[in-house]
Amino acid sequence: MAALAAGAAALMVAAGCGSAGGSGGGDSITLGFAQVGAESGWRTANTKSVRQAARDAGIELKFSDAQQKQENQIKAIRSFIQQRVDVIAFSPVVESGWDTVLKEAQRADIPVVLTDRAIDSPDTSLYETFLGSDFVEEGRKAGRWVTEEFGDAEGTVRIAELQGTTGSAPANDRKQGFAEVIGNDAKYKIVASQTGDFTRAKGKEVMEAFLKSAGEIDVLYAHNDDMALGAIEAIEGAGLKPGEDIKIVSVDGVKDALQAAADGEINYVVECNPLLGPQLMDLVKKVAAGEQVPKRVEVEETAFDQQAAEKALPDRKY
Ligand code: GYE
């Protein structure tokens, strides 16, 4: 019996069969990854991390860029199902509207991993796990900084908010966490709030409009660094000093924003870690092998005032 089993194992190795199985054949795992797009410095760093980690883990990566459109992501997921990849991972552009396509993946027996952004479906059987940040807490951190910075201020503190992509988890959650904190004191007033779709160009455009129509602005809360960097151009264009005339708090912690903080133009940066690749590949391997994984895996993050930004800059890779 033992000899037979050993022989069978040897045969399996020779044929390149491994425990991961899956329809891709061979023992390498094929991962279909549907990325949001290339809208921000955060996203570029995230894509690089995923590609590199797949290479390091020997996972075959089929990568699709949805250009920030849900319909493109749905198409990409359908195509991954058709190609019978072993695992599908994606970062949902928006929170709603995924049930149909994820049921198709479920029927095809292909496990799904959510990364970076979550979905709002009550049917949690549609995915194995979520890997990403606590965006509500990021919003709270931004709010706490505002309430500390303006704690002694008399009169109304007028806040402008540049929201991320409408309907996305980070936009919804960062808005909620921030509102939760500043909502405790009636002196904080959001006088303008609109989406800048997480891009520099829109951040600039919307901030220009705010500066024309919102009256005086004491502080800008940008849901990501790129929009803050675009807004800095708008503020300078209006003859004001970013970081002084208008205080700025943003989320992500990309190099350009830490530099702007070190230069005094941004006041506070809440970190959101984009380097999810290695953890994602670990989860993908486990899921492909049919192992149990926690339903939610969160990454650890910090925040930077101007001094801390200056210190962190030399080691910042993205
Ligand atoms: O903050 C922003 C990007 O989903 C956490 O998406 C991510 C966000 C990030 O466009 O820069």
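- One hydrophobic cluster, built from ILVMFWY side chains closer than 4.5 Å, holds both Leu102 and Ile88.
- Without hydrogens or angle criteria, Lys48 side chain to Tyr318 main chain gives no donor-acceptor distance under 3.5 Å.
- Ile248 and Val181 are not part of a single hydrophobic cluster, where members link through side-chain heavy atoms under 4.5 Å apart.
- Nearest heavy atoms, Lys295 versus Thr124: NZ-O, 2.6 Å.
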>> Using side-chain contact (heavy atoms from CB on, under 4.5 Å), reason through Thr44 and Val254 one step at a time and then give a plain yes or no.
In response: CA-CA 10 Å; Thr44 307; Val254 298; over 6 Å; no

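- Under a 3.5 Å cut-off, the side chain of Asn273 and the backbone N or O of Val299 do not form any donor-acceptor pair.
- Cation-pi geometry between Arg43 and Phe198 is not satisfied (NZ or CZ under 6.0 Å from the ring centre, within 45° of the ring normal).
- Of the residues listed (Val157, Ile159, Asp185, Ile182), the one engaging Phe150 in a side-chain contact (heavy atoms from CB on, under 4.5 Å) is Val157, and it is the only one.
- Atoms CG and CD, on Leu126 and Gln106 in that order, are 5.0 Å from each other to the nearest 0.5 Å.
- When only modelled atom types and interatomic distance are considered, Asp123 and Ser125 share a side-chain donor-acceptor pair under 3.5 Å.
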> Yes or no on side-chain contact (heavy atoms from CB on, under 4.5 Å) for Glu137 and Arg140, after CA distance, side-chain angles and deciding distance?
Replying inline: CA-CA 5 Å; Glu137 182 57 23; Arg140 286 193 202 107; 2.7 Å; yes

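- Each of Asp65, Thr115, Thr47 was scored for a side chain to side chain donor-acceptor pair (under 3.5 Å) with Gln35, with one residue passing: Thr47.
- Of the possible donor and acceptor atoms, one in the side chain of Asn267 sits under 3.5 Å from a partner among the backbone N and O of Gly243.
- Results of the side-chain contact (heavy atoms from CB on, under 4.5 Å) test with Ile246 over Glu216, Glu265, Met207 single out Met207 as the only residue that passes.
- Rounding to the nearest 0.5 angstrom, the gap separating the CG atom in Asn172 from the OG1 atom in Thr165 is 10.5 Å.
- Inter-residue side-chain proximity for Gln259 and Leu313 is flagged as met; some heavy-atom pair is nearer than 4.5 Å.
- Residues Ile74 and Trp98 have side chains in contact (heavy-atom distance under 4.5 Å, counting atoms from C-beta outward).
- Between Asp218 and Arg158, none of the side-chain N atoms (NZ, or NE/NH1/NH2) sits under 4.0 Å from a carboxylate O, so this pair counts as no salt bridge.
- Side-chain atoms of Ser133 do not come within 3.5 Å of backbone N or O of Phe135 as any donor-acceptor pair.
- Ser96 and Gln70 make their closest contact through O-NE2, 2.8 Å (heavy atoms, listed as atom of the first residue, atom of the second, distance).
- Interatomic distance, CH2 of Trp145 versus OH of Tyr221, reported as 12.5 Å (0.5 Å rounding).
- In this structure a side-chain-to-backbone donor-acceptor pair under 3.5 Å is missing from Glu128 to Val113.
- Separating the CE atom in Met281 from the CG atom in Leu61 is a distance of 6.0 Å, to the nearest 0.5 Å.
- For the pair Glu271 and Arg316, the salt-bridge criterion is met [side-chain N within less than 4.0 Å of a carboxylate O].
- Atom CZ of residue Arg174 and atom CG of residue Asp134 lie 10.5 Å apart, to the nearest 0.5 angstrom.
- Remark: side-chain polar atoms of Gln73 are paired, donor with acceptor, to backbone N or O of Ala34 under 3.5 angstrom.
- Among Lys202, Gln163, Glu39, Glu205, the one residue that satisfies the side-chain contact (heavy atoms from CB on, under 4.5 Å) test with Asp197 is Lys202.
- Proximity of Asn72 to Lys75: side-chain heavy atoms (C-beta onward) are separated by under 4.5 Å at one or more points.
- Checked by atom type and distance alone, the side chain of Thr30 never pairs as donor or acceptor with a backbone atom of Val85 at under 3.5 Å.
- Residues Ile77 and Phe130 are members of one and the same hydrophobic cluster, defined by side-chain heavy-atom contacts under 4.5 angstrom among Ile, Leu, Val, Met, Phe, Trp and Tyr.
- Residues Ile190 and Glu161 approach most closely at CD1-OE1, 4.0 Å, considering heavy atoms.
- Salt-bridge annotation for Lys204 and Glu236: absent, with no side-chain N of the basic residue lying under 4.0 Å from a carboxylate O of the acidic one.
- The minimum heavy-atom distance linking Ile266 with Ala228 is given by the pair CD1-CB, 4.2 Å.
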>> Between Ile235 and Asp245, is the side-chain contact (heavy atoms from CB on, under 4.5 Å) condition met? List the steps.
In response: CA-CA 9 Å; Ile235 293 167; Asp245 297 327; 5.8 Å; no

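- A donor-acceptor contact closer than 3.5 angstrom is absent between the side chains of Thr100 and Glu104.
- Looking only at distances, a side-chain donor or acceptor of Asp305 sits under 3.5 Å from a matching main-chain atom of Gln307.
- Using a 4.5 Å heavy-atom cutoff, the side chains of Val36 and Gln68 are in contact.
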>> As a quick check of understanding, evaluate side-chain contact (heavy atoms from CB on, under 4.5 Å) for Asp116 and Phe90, giving each step before the final call.
In response: CA-CA 8 Å; Asp116 159 35; Phe90 80 116; over 6 Å; no

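- A donor-acceptor pair shorter than 3.5 Å cannot be found between the side chains of His223 and Glu138.
- In plain terms, the two heavy atoms of Val269 and Ala261 that are nearest each other are CG2-CB, 4.3 Å.
- Note that CD1 of Ile81 is 5.5 Å distant from CD1 of Ile110, once rounded to the nearest 0.5 Å.
- Under the 4.5 Å side-chain heavy-atom criterion for Ile, Leu, Val, Met, Phe, Trp and Tyr, Tyr188 and Tyr268 are members of the same hydrophobic cluster.
- When hydrophobic clusters are built by joining Ile, Leu, Val, Met, Phe, Trp and Tyr residues whose side-chain heavy atoms come closer than 4.5 Å, directly or via intermediates, Leu258 is not grouped with Val270.
- Annotation: side chain of Ser168 is not in contact with side chain of Pro92 (no heavy-atom distance under 4.5 Å).
- Counting heavy atoms from C-beta on, the side chains of Asn224 and Trp42 never come closer than 4.5 Å.
- Counting heavy-atom neighbours within 6.0 Å of Lys311 NZ, excluding the residue itself, gives a total of 12 or less.
- At distances below 3.5 Å, not a single donor-acceptor pair connects side-chain atoms of Lys247 with backbone N or O atoms of Glu149.
- Thr195 places a side-chain N or O within 3.5 Å of a backbone atom of Gly164 that can act as its donor or acceptor partner.
- Contact detail for Ala214 and Val191: the closest heavy-atom pair is O-CG2, 4.3 Å.
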